[in-house]
Amino acid sequence: MMKECVLAMTLALGIGLSGAAQSALPSFNHKIYNTGEQVADKPMVMRDFIEMHNARGFEMSHFMTLDGKKVPMKDLEGRLTMLFVWATWNEPTKRMLPQVIDLQKTFNHKGSKVKILGVSVDKKAKRVKNYLKKNGFENFETLQDPTHQMKGAAPLDVIPTIFALDGKGNLVGFVRGYALDWSDPSIVPYLERMGEKYAHPKTDVAPK
């Protein structure tokens, strides 16, 4: 847990890591670009969401659909993707999913610059499917990380955790835990502004 907490602080503040520490963080050891000015008018409800000063790499090749198929990463290109990491055994998840489903209804359509997507860390897809059906969440669009590849490289000691990825798949923000009410009406316009900035990010600014 200590390693993951240090990583969270590093991502947020852009602190340099030693060579040994970098080798332990294969997906995050490269700063891709400086993100520039923060998105304006962040609502109070989003106060725990951290927009990073430097975008970092994020490995998604291990994500699977609930039918066991690999996910074409091109499907996520050109949009800000909000990844909601969740689990069937996590009680806050059950409270959060209805709010996330509403966000999917708002954003997950052709032409949108924002994509809302779940990623379950449950090992069995059948368990996930049964959970969604039992709780009336069949329309929830989610992937899975059954081998827990994210945990070795991301600040994931808390479930749920939400990662924000730019249109090239780089990590640009995150919030850990059930820290905010995703049904707050101020969130949609804020994510729209995030989408304007990060769907097609300016990656030519050197990281600091």
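Positions are given from 1, in the same order as the sequence printed here.
- By the 6.0 Å contact criterion, NZ on Lys197 is enclosed, its count of non-hydrogen atoms from other residues, nucleotides or ligands being greater than 12.
- Annotation: side chain of Tyr131 is in contact with side chain of Trp86 (closest heavy-atom distance under 4.5 Å).
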Verdict with supporting geometry, Asp145 and Val85, side chain to side chain contact (heavy atoms under 4.5 Å, CB included): CA-CA 9 Å; Asp145 177 23; Val85 184; over 6 Å; no
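- Residues Ile187 and Met82 are members of one and the same hydrophobic cluster, defined by side-chain heavy-atom contacts under 4.5 angstrom among Ile, Leu, Val, Met, Phe, Trp and Tyr.
- Distance check: Leu132 CG to Asn139 CG gives 10.0 Å after rounding to the nearest 0.5 Å.
- Without hydrogens or angle criteria, Thr161 side chain to Arg176 main chain gives no donor-acceptor distance under 3.5 Å.
- Thr81 places no side-chain N or O within 3.5 Å of a backbone atom of Lys115 that could act as its donor or acceptor partner.
- With contacts defined as side-chain heavy-atom distances shorter than 4.5 Å, the pair Ile101/Phe137 qualifies.
- Residue Glu138 qualifies as enclosed at atom CD: its count of foreign heavy atoms under 6.0 Å is above 12.
- In this structure, Val71 and Thr65 have side chains that are in contact, with non-hydrogen atoms separated by less than 4.5 Å.
- Linking ILVMFWY residues whenever their side-chain heavy atoms come closer than 4.5 Å, directly or via other members, places Tyr178 and Met46 in the same cluster.
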Side chain to side chain contact (heavy atoms under 4.5 Å, CB included) evaluation trace for Thr142 with Leu66: CA-CA 8 Å; Thr142 187; Leu66 296 184; 3.9 Å; yes
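- Taking both residues in full, the closest heavy atoms of Ser112 and Val114 are given as OG-O, 2.9 Å, listed atom of the first, atom of the second, then distance.
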Side chain to side chain contact (heavy atoms under 4.5 Å, CB included) between Phe107 and Lys113, intermediate numbers included: CA-CA 8 Å; Phe107 287 114; Lys113 293 185 177 180; over 6 Å; no
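- At distances below 3.5 Å, not a single donor-acceptor pair connects side-chain atoms of Asp166 with backbone N or O atoms of Leu80.
- Between Val175 and Ile50 there is no side-chain heavy-atom pair separated by less than 4.5 Å.
- Nearest heavy-atom pair, Ala206 versus Asn34, reported as atom, atom and distance to 0.1 Å: O-CB, 3.2 Å.
- Clustering ILVMFWY residues whenever any of their side-chain heavy atoms sit less than 4.5 angstrom apart, transitively, puts Leu171 in the very cluster that holds Phe63.
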Audit row: Trp89, Ile159, side chain to side chain contact (heavy atoms under 4.5 Å, CB included) steps and yes/no: CA-CA 10 Å; Trp89 42 261; Ile159 299 292; 4.0 Å; yes
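- In this structure, Gln104 contributes its side chain and Glu141 its backbone to a donor-acceptor pair below 3.5 Å.
- Considering every non-hydrogen atom in both Asn170 and Ala55, the closest pair reads CB-CB, 4.1 Å.
- Taken together through direct or relayed side-chain contacts under 4.5 Å among Ile, Leu, Val, Met, Phe, Trp and Tyr, Ile162 and Leu165 form parts of separate hydrophobic clusters.
- Side-chain atoms of Glu51 and Tyr198, non-hydrogen and from C-beta on, do get closer than 4.5 Å to each other.
- Under the 4.5 Å side-chain criterion, counting only non-hydrogen atoms from C-beta, Phe140 is not in contact with Asn135.
- For Thr88, the side chain to side chain donor-acceptor pair (under 3.5 Å) test picks out Asp122, Arg127, with sequence neighbours left out.
- The two residues Pro146 and Met64 make their nearest non-hydrogen contact at CD-CG, 4.4 Å.
- Of the possible donor and acceptor atoms, none in the side chain of Asp67 sits under 3.5 Å from a partner among the backbone N and O of Lys69.
- Of the possible polar contacts, one joining the Asn54 side chain to the Lys208 backbone as a donor-acceptor pair under 3.5 Å is found.
- Here the side chain of Arg193 pairs a donor or acceptor atom with the backbone of Asp41 at under 3.5 angstrom.
- Judged by distance alone, the side chains of Asp184 and Tyr190 never bring a donor and an acceptor atom under 3.5 Å apart.
- Within the 4.5 Å cutoff, the side chain of Phe84 has heavy atoms near those of the Ile116 side chain.
- Between Glu77 and Lys168 there is no salt bridge, since no side-chain nitrogen of the basic residue lies less than 4.0 Å from a carboxylate oxygen of the acidic one.
- In terms of modelled atom types and a separation under 3.5 Å, the side chain of His148 and the main chain of Val121 share a donor-acceptor contact.
- Using a distance-only test at 3.5 Å, with no hydrogens or angles considered, no donor-acceptor pair links the side chain of Arg79 to the main chain of Leu76.
- Contact check for Ser186 versus Val45: side-chain heavy atoms found under the 4.5 Å cut-off.
- Note on Phe163 and Leu143: same hydrophobic cluster, where clusters join Ile, Leu, Val, Met, Phe, Trp and Tyr whose side-chain heavy atoms are under 4.5 Å apart, directly or indirectly.
- The shortest non-hydrogen separation linking Gln144 to Lys124 is NE2-C, 4.3 Å.
- The heavy-atom pair separating Met96 from Pro160 by the smallest distance is CE-CB, 3.7 Å.
- The aromatic ring centroids of Phe49 and Phe174 lie 6.0 Å or more from each other.
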